[in-house]
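Reviewing the structure listed below.
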There are 2 protein chains.
Amino acid sequence: MDDSRFFESDTVTADDVAAEAGVSRWTVARAFKKDASISKKTRQKVLAAAERLGYAPDLLAASLASDRSNLVAIVTDDFSNPHKLVMLERLTRILRREGWGTLLVNMTGDADASSALLAASQRRVDAAVVIGTRFDDRALHTALGARRVKKLIIFARLSQNPNTLNIACDDQAAMRAIADHLLARGRRRPLFVAGPDTQSAKLDRKPGFLAYWRERTGTTPPAIHVSQYDFLCAIDGILPALEGRAPAEMPDVLVCENDIIAIGAMDGLRHRLGLRVPEDIAVTGFDDIPLAASPAYGLTTYRQPITNMAEALVEILEGKRSGDAILPGLFVARSST
Amino acid sequence: MDDSRFFESDTVTADDVAAEAGVSRWTVARAFKKDASISKKTRQKVLAAAERLGYAPDLLAASLASDRSNLVAIVTDDFSNPHKLVMLERLTRILRREGWGTLLVNMTGDADASSALLAASQRRVDAAVVIGTRFDDRALHTALGARRVKKLIIFARLSQNPNTLNIACDDQAAMRAIADHLLARGRRRPLFVAGPDTQSAKLDRKPGFLAYWRERTGTTPPAIHVSQYDFLCAIDGILPALEGRAPAEMPDVLVCENDIIAIGAMDGLRHRLGLRVPEDIAVTGFDDIPLAASPAYGLTTYRQPITNMAEALVEILEGKRSGDAILPGLFVARSST
DNA sequence: AAGGAGTTTGCACGCGAGTGCAAATTATTC
DNA sequence: GAATAATTTGCACTCGCGTGCAAACTCCTT
């Protein structure tokens, strides 16, 4: 291996490749561009020269010159849910495969949304994808940064904001599947356990479940909110609502807004209240995080179509889609019901 | 609110601000630069003008013009460990606070390392931080992309590669703390459960534990490897090693390389083998992921000093540090021992 | 008030590549 | 083989801002 180049002035530009290949700089650019008008032979020649020199196009300069950067910002404010990791993995993998870079921006709380979007826009991202739980949906379009971002996409949530695009799971269909399953198993007294009730883009899970349950049984189930999407908070939020209830008053299933809450609920039920799941009380979640499949939990849940959602995102980025994408997921029955 | 600007030709440049403030473009740049030679009064004037126009410096153009981008790539290949989420959160938060952007690159397997680093270098990152488990450490410096990256940092692992910098937890000190604790609790027959034995940058946990245990007791404990850092794989990897052992042959503690393996181990012990933790067998982990604190696991573990590690990274980025950073963490005793 | 030190401001040039159009080359037709 | 169409190549200009240096200015001293 020739390591001498390692210490050379490293930056090899399109000009160098052009000289090496005996063509002009613009021909070099064409060789690297899909569907460019260039002959096969020339492209081969240029690519070979580039290979020899170790050239790779500078995406920064390209972004500056053109009006697209092939960069998308993922702006998120909640790192306590393992499901976020699943989404990040899927998004980064698919985006990279399709030629997009990913800027990860940590939005530290509601007040930071504006500054987080600004930070993204300063890097000229082609789109910002918000995967958050605590931002103020309504304030988004007045945010300093938001109006500088070409496309603003709310991922895995539903926003009413007319300036944003939604990519989400079909919560209503999901909750119908869950409710049908529970009714078939003879559950009659559900308690819906939702996450924090913020101003952010919402989920359709709670309204979806309550409405459909009412439609099927004539009664609207009770619901509570826990303070954060975090299983310790879930335990703390759920126990006060259950302790001291007469047996007949106890719900026979906790329908949780997501898996993290459901897992906190199971832990609380088992280890604090000494109840058995599913014998004494059933539990359902949402997301199908890896832990849901563990023998300790065996959580009945609903898997979001993350891959399809990521592909919908790509369609939006490529301008092939201009409307919301509300996609169906997959109901997963396990032992917790 | 005046929304008219929303539809205007949006890009307001330093020239516009200069005109508005009645100064030159370069003075505008100075107003936005810390420690620049500019009078307080002029800076105020410029910032006010910028505010009025909604101007923010274009970091892309800045990166192109200068030789730094204030961008760092986080290159990772393992999204199944919730601890990754903790690291990502801490890194992105601290980096952003210090003025650095974060590019997240999903490295899909060993063979992809070169291309992942290339992708990062094409965006002119000032450094690439590798947080991986499956890449080939030795091949890193021959990687096409690696030599185009100014600084290559291995995070939370130890690399022998002379061209990289390591930022990691002091595994040896950690394992001493764990061993001391176990010995004090009367455990005598540990089984070390490590992750996959790859060519990637290693951890010092297994050698550290075995050596120290031998030093204290005169015997080297046995060790096994599981195929992935994933709790289902951990269950599958551990059970065959334990099933069918005579009681006297059973280890009295599983010392696991990280929490994910430990949690898989606990699940397997309890739900497959019907053993009690810690009565029949103790378990220790590493990382202190959120789930470790749940009542269901109460895992004794060791917390990596992620915040300090992130700050060490910033020091490296700023050129204030040029050597490895091996930092002490915190031993956390819970009910699993 | 002149001289000098220290501070503040302006400017030419370059970073690396995309765009749209014109020139040059090749392929096709009669 | 000439004329035409189709393809391929080259180029001026631009994107928004940093660098290093020189000019201009402020303030203080004597």
Side-chain angles (χ1 to χ4, degrees), chain A residues 9-47 49-50 53-71 99 101 121-126 148 150, chain B residues 9-47 49-50 53-71 99 101 121-126 148 150:
Chain A
S9 89
D10 14 28
T11 41
V12 25
T13 75
D15 279 312
D16 302 330
V17 179
E20 170 89 9
V23 297
S24 73
R25 182 165 73 69
W26 298 273
T27 303
V28 175
R30 285 196 190 88
F32 280 89
K33 189 174 168 186
K34 234 181 152 54
D35 314 317
S37 102
I38 185 176
S39 72
K40 232 183 181 93
K41 208 167 49 182
T42 324
R43 170 171 275 157
Q44 291 294 331
K45 190 171 60 177
V46 171
L47 290 183
L53 266 45
Y55 168 80
D58 185 324
L59 265 37
L60 219 64
S63 310
L64 183 59
S66 69
D67 57 345
R68 62 188 315 218
S69 58
N70 277 308
L71 234 200
S121 78
Q122 287 188 274
R123 304 253 177 211
R124 261 181 157 60
V125 295
D126 289 330
R148 293 171 44 107
K150 300 177 208 162
Chain B
S9 89
D10 15 26
T11 41
V12 24
T13 74
D15 279 312
D16 302 331
V17 179
E20 170 88 10
V23 298
S24 73
R25 182 167 72 68
W26 297 273
T27 303
V28 174
R30 286 196 189 89
F32 279 89
K33 188 173 169 188
K34 234 179 153 53
D35 313 318
S37 99
I38 186 176
S39 72
K40 230 180 182 102
K41 209 166 47 181
T42 326
R43 172 170 273 156
Q44 292 294 332
K45 190 170 59 177
V46 171
L47 291 183
L53 265 46
Y55 167 80
D58 184 324
L59 264 37
L60 219 64
S63 309
L64 184 59
S66 69
D67 58 344
R68 62 188 318 217
S69 58
N70 278 307
L71 234 199
S121 78
Q122 287 188 274
R123 303 256 177 209
R124 269 187 204 242
V125 295
D126 289 330
R148 293 172 43 107
K150 300 178 210 161

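Keep in mind that the numbers below use all heavy atoms, side chains included, and drop hydrogens, waters and symmetry copies. All figures in this text were calculated on a predicted structure; none of them were measured in a lab. A, B, ... follow the sequence lines: proteins, then strands. Residue 1 opens every chain.
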Original post:
Does OP1 or OP2 of C:dT8 have a side-chain N or O of B:K33 closer than 4.0 Å?
Top reply: no
Original post:
If you measure from CG on B:D15 to CZ on B:R25, what distance do you get to the nearest 0.5 Å?
Top reply: 5.5 Å
Original post:
Taking atom P of C:dG18 as reference, at what distance in whole Å does atom CZ of A:R68 sit?
Top reply: 12 Å
Original post:
Along nucleotides 11-17 of chain C, 5' to 3', which nucleotides get a B, which get an S, and which get a -, given that the test is a protein heavy-atom distance under 4.0 Å?
Top reply: BB-BBBB
Original post:
Along DNA chain D, 5' to 3', what are the outermost nucleotides having an atom less than 4.0 Å from a heavy atom of chain B?
Top reply: D:dG16 to D:dT19
Original post:
Which part of the nucleic acid, if any, lies within contact of A:S63, taking any heavy atom under 4.0 Å across all strands shown: a base, the sugar-phosphate backbone alone, or nothing?
Top reply: nothing
Subject >> Derivation and outcome, side-chain contact (heavy atoms from CB on, under 4.5 Å), residues A:D58 and A:T13 >> reply: CA-CA 8 Å; A:D58 185 324; A:T13 75; over 6 Å; no
Original post:
Could you walk me through whether A:V23 and A:V46 pass the side-chain contact (heavy atoms from CB on, under 4.5 Å) check?
Top reply: CA-CA 8 Å; A:V23 297; A:V46 171; 4.0 Å; yes
Original post:
Closest heavy-atom contact between B:A31 and B:L47?
Top reply: O-CD2, 4.1 Å
**OP:** Among B:L60, B:D67, B:L64, find the one that has a side chain to side chain contact (heavy atoms under 4.5 Å, CB included) with B:R124.
**Re:** B:L64
Original post:
Between the side chain of B:Q122 and the main-chain N/O of A:P57, is any donor-acceptor distance below 3.5 Å?
Top reply: yes
**OP:** Specify the closest pair of heavy atoms between A:S69 and B:R123, including all atoms of both residues, with the distance to one decimal.
**Re:** O-NH1, 2.8 Å
Subject >> N/O donor-acceptor pair under 3.5 Å between A:R43 side chain and A:R30 backbone >> reply: yes
